[in-house]
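Accompanying notes for the structure given below.
Residue numbers start from 1 in every chain, and the chains themselves are labelled A, B, ... in the order their sequence lines are given, proteins ahead of strands. Reckoned from all heavy atoms, side chains included, excluding hydrogens, waters and symmetry mates. All values derive from a computational prediction rather than experimental measurement.
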Amino acid sequence: MITDRVSRLRQESLDAVNRLSHERARLVTEFYRDLLPEEEPVPVQRAMCLTYILENKQLYIGDGELIVGERGPAPKATPTYPEISLHSLNDLDILHNRPKVSFEVSEETRNIYESEVIPFWQGRTNRDRIMTRMGRPWLDAYEAGIFTEFQEQRAPGHTVMGKRAWESGMLAMIKACDQGLKTRDAMDSSGRNQLRAMKIAGQAIIDFAMRHAIALQELAAKERDSVRKRELEQMAAICHRVPANPPQTLHEALQYYWFIHLGVITELNPWDSFNPGRLDQHLQPFFEKEVEGGLLDLEQARELLHCFWIKFNNHPAPPKMGVTAQESNTYTDFCLINVGGVTEKGQDAVNDMSYLILEVISEMRLLQPSSMVQVSKKNPDMLIYKALDIIKTGFGQPSLFNTDAIIQELLRQGKSIEDARNGGASGCVETGAFGTEAYVLTGYFNLPKILEVTLCNGYDPRTGRHIGLQTGDPLSFDSFDDLMDAYANQLRYFARIKMNGNDRIQAIYATGLPAPFLSLLIEDCLDRATDYNAGGARYNTSYIQGVGLGSITDSLTAIRYHVFDQKTTSMKGMLEALKSNFEGYDELRETLVFNTPKYGNDEEYADVQAERIFNIYFTAIDGKPCYHGGEYRINLLPTTCHIYFGSVTGALPDGRLVGKPLSEGISPVQGVDVKGPTAVLKSAARIDHVKTGGTLLNQKLTPSFFDDSESYAKLSALIRTYFRMDGHHIQFNVVSAKTLRDAQQHPERYRDLIVRVAGYSDYFNHLGEDLQEEIICRTEHGDVFVL
Amino acid sequence: MNDRGLIFDIRRYAVHDGPGIRTTVFFKGCPLHCLWCHNPEGIAPDIQKIERQRKLNGNRYVHREEVGRWLTAGEVMEEILKDKLFYEESGGGVTFSGGEPLAQPTFLMNLLQQARQARLHTVVDTSGHAPPADFQTVLSMVHCLLFDLKTTDTDKHLEMTGAGNEQLLDNLRSIPASGPELYIRIPVISGVNANAHEMEAICDVLSSLDAPVKRVDLLPYHKLGRHKYESLGMHRPGGLFDAPGAQSMDAFAKIFRVAGFATKIGG
């Protein structure tokens, strides 16, 4: 049941225009220009800056809201972070005018930027600092599109609230800071300053809640409606109690988290907003206690969760520009709600709240928050069935994760078993130990582009620069292994450049932009009196995200098969075809596309290349020390970067034309998997997921695969088998009639598309046009939802 | 070619051919020629050449493809075993369909034997039109039988499929109560058997069997296999047949349900 209030608030959230708010930029500028206490060290300055923003920002309390607090002055009024990166007037115009992921920029905002923000910050932002410190090899590789850099416009984030922060309350944390200050040596000024900063930041969020309490009391005094009056009084009392104290009720718990969430995303703009983590486990005790005590019924709990959900949707990812806008072209700020999995003690963690949350996801149907279900071998099938209920409607949520693989991944990286079990995935698919780890994603890495550069002996045709190593003229390669060696050398070279750059960037954050508020929340920053951005967390990991596994595998396989084994063409012929983007080489391209073994078909000849590439990538990066004192790790996910990387990559030996998207995640190249889902899963399981911090696999299905309880059981078994093979994540895209129309136009991109015809299934491409039409009509009929 | 069988397709994640996730092996060649057949590539017992068009970049590429491959049982098993974990997890296995798998009895038995040794669950999808001795052997080897039944009317059966139904009805009746799980699949076709009289007659046959019927699947005829005829250069079935309406399907299902059979519309 959705109450009238929720349905109105939800609609308001959907209707709110994404716009850029100058509020934060203006306050930060005032602070640094007019009020900066120069006698204080940077961490304290940062904490005071947060205090200044929270003391002076406009409050927003929506009519009928049960959970309060907005990062901006109103829903979807999205702040900027000029101390990190500065939008130029031109950037503002682009944001305002671009067709996708636009932000409305008012005349007033533009004027404030022109007269206050830009004059102060020009040349002084963290991004300026980063870009002036990067050497030529880094800049060349970055500009060529070998890799991207997450931290140039957004602060290191990728962390999730864990058990301790859920349970302790701000006052207890402040007390712990005081305790640390008492015991810490007077000479340890860095540690003492860090603790002072954390304390100030903790107090800032308590005071911010108090401002809300006062505002709510004022509203209550004016309120005529006795029911709402009572609600407002109750909400005022809640804001008085939390986040200062640990929550006692479900309502308090949600409001508690929400203030903390706002604190994290106001302090800085960490990549991946922030995440409440194992929400079902954190909320269940309150829910259980209140329901048993007769203080709360199911529908009230549901309404509170609805209101909580809407809050996330009110907060788009901060406006991105340039490459960053392309690599993550979405309003989503990747707050991924985790449901299911196992408890700290290793038991089935599914509870009433897990199922209620799944219902809320389905009822809210909002872009944010994202959601996922952790599936352990210990969880009941019902958890999967409830997830499939939502997935089948074509919503793309929740995605499904393998708890048992996540735990193995974390253990391999050296986490304790309890920390591993308390972990999960955040962002897209990224593994983390919740509440105890800084797992910073640093940028995408373009695996196919490196082949292009290798085939050009270190030269990048698009930028016209020699950006790589001279790994040898491909015409001189006697065997496929020669090519693989050259590729591996080239990859290691770029990985080294990327990691060197990361170290410098992370040093810049550690010293220039510490995050004292976030540090309060993540263990053991407080105990070590060390900032989150400086390695204070119990575990510190830096990730580099590989993109285009399918494309690179198929490209190498095509060369192995046609140049070295079958000798369909020569290396010279291949290079010429690539150089001309296959113009005049139509038949060769047809052969490459259709008559070549492809990754995704459970075929040894192709899959073995995926395994080799994975191992090259893994050994180039995994275990190398990173700035924070932890290690580098790899994962394989793209967000929307496979499109950007595609746009900077020339024609590839698998027949892909210049500029076209690369394959995404660890999925096969679009449309080449023609042996059905079990074959895709087996190919994908060829790589060792346990050695990663996350992989992303998309699988297309039509709604007919969700027909009845038997189909559910079969899908459930499909998922469980993939997980039994240590697969990390799978997401089902239930295709719409629109997709089928596109498949009629571009059959080569949809060779994998299976549709249920009538009691049997067939490849869409194999059907006659009349039959395709019929299926499209039927699918249209079955379509439930378009966001 | 004694040790080889003619197969026209092996399809993985087949979810409509028996319990769990299955791989279905399609045997090429069928003694019946049902006028409505939606797998016409399964009829002829030899390799057929077809032309397929591929579109790429607006260009059309015509290439010849062969329908049907002579494979050893070992080669077929290798393909089947690729999804062993999926079968285990779902309670699935392998389904031998066609065409008519019993038209290549030695090859079928060989595969059933190897599948059993690999501890796979096996299903045979058959018209039942086969020599009784072969049928009995298969009965003793298979876990589950999908038995396709079209009509009890012998003349009509001869007219529509090219063969009478005496042999297949005898085979059906011969299935012992202790035999494999039995599913009856009835294609329901307007112009052939989509009427209460036919359905009641089939229902009577089923009621008289020794073997318990696990479920009756009523499969409404669809014209969806028709595009295949053209690419095979075969004569396409005329407008003779039609798909029955949903209401009549419900009414037919009721006939079987009243007689005590679990019945499903669609397979």
I'd like to verify something: which residue of [options] has the highest number of heavy-atom pairs under 4.5 Å with chain B?
options	value
A/R589, A/R720, A/M725	A/R589
A/K714, A/H746, A/E587	A/K714
A/T678, A/D602, A/L718	A/T678

Is [X] in contact with chain B via its backbone, its side chain, both, or neither, using a 4.5 Å heavy-atom distance?
X	answer
A/L715	both
A/D381	neither
A/A713	neither

### Task
Could you pull out the closest heavy-atom pair between A/K682 and B/K82, with the gap in Å?
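Closest approach of A/K682 to B/K82, heavy atoms only: NZ-O, 2.7 Å.
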### Task
Over all heavy atoms of both residues, which pair between A/T721 and B/E89 is shortest? Give the atoms and the distance, please.
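Taking A/T721 first and B/E89 second, the nearest heavy atoms are OG1-CB, 3.1 Å.
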Atom [atom1] of [X] with >12 non-hydrogen neighbours under 6.0 angstrom:
X	atom1	value
B/K84	NZ	yes
A/K378	NZ	yes
A/R724	CZ	yes
B/E65	CD	yes

### Query
How long is the gap from CG on A/L701 to OH on B/Y13, to the nearest 0.5 Å?
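Nearest 0.5 Å value for the CG-OH distance: 7.0 Å.
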### Message
Would B/K264 and A/D708 count as a side-chain contact (heavy atoms from CB on, under 4.5 Å) here? Give the steps.
### Response
CA-CA 11 Å; B/K264 190 178 172 194; A/D708 51 20; 3.5 Å; yes
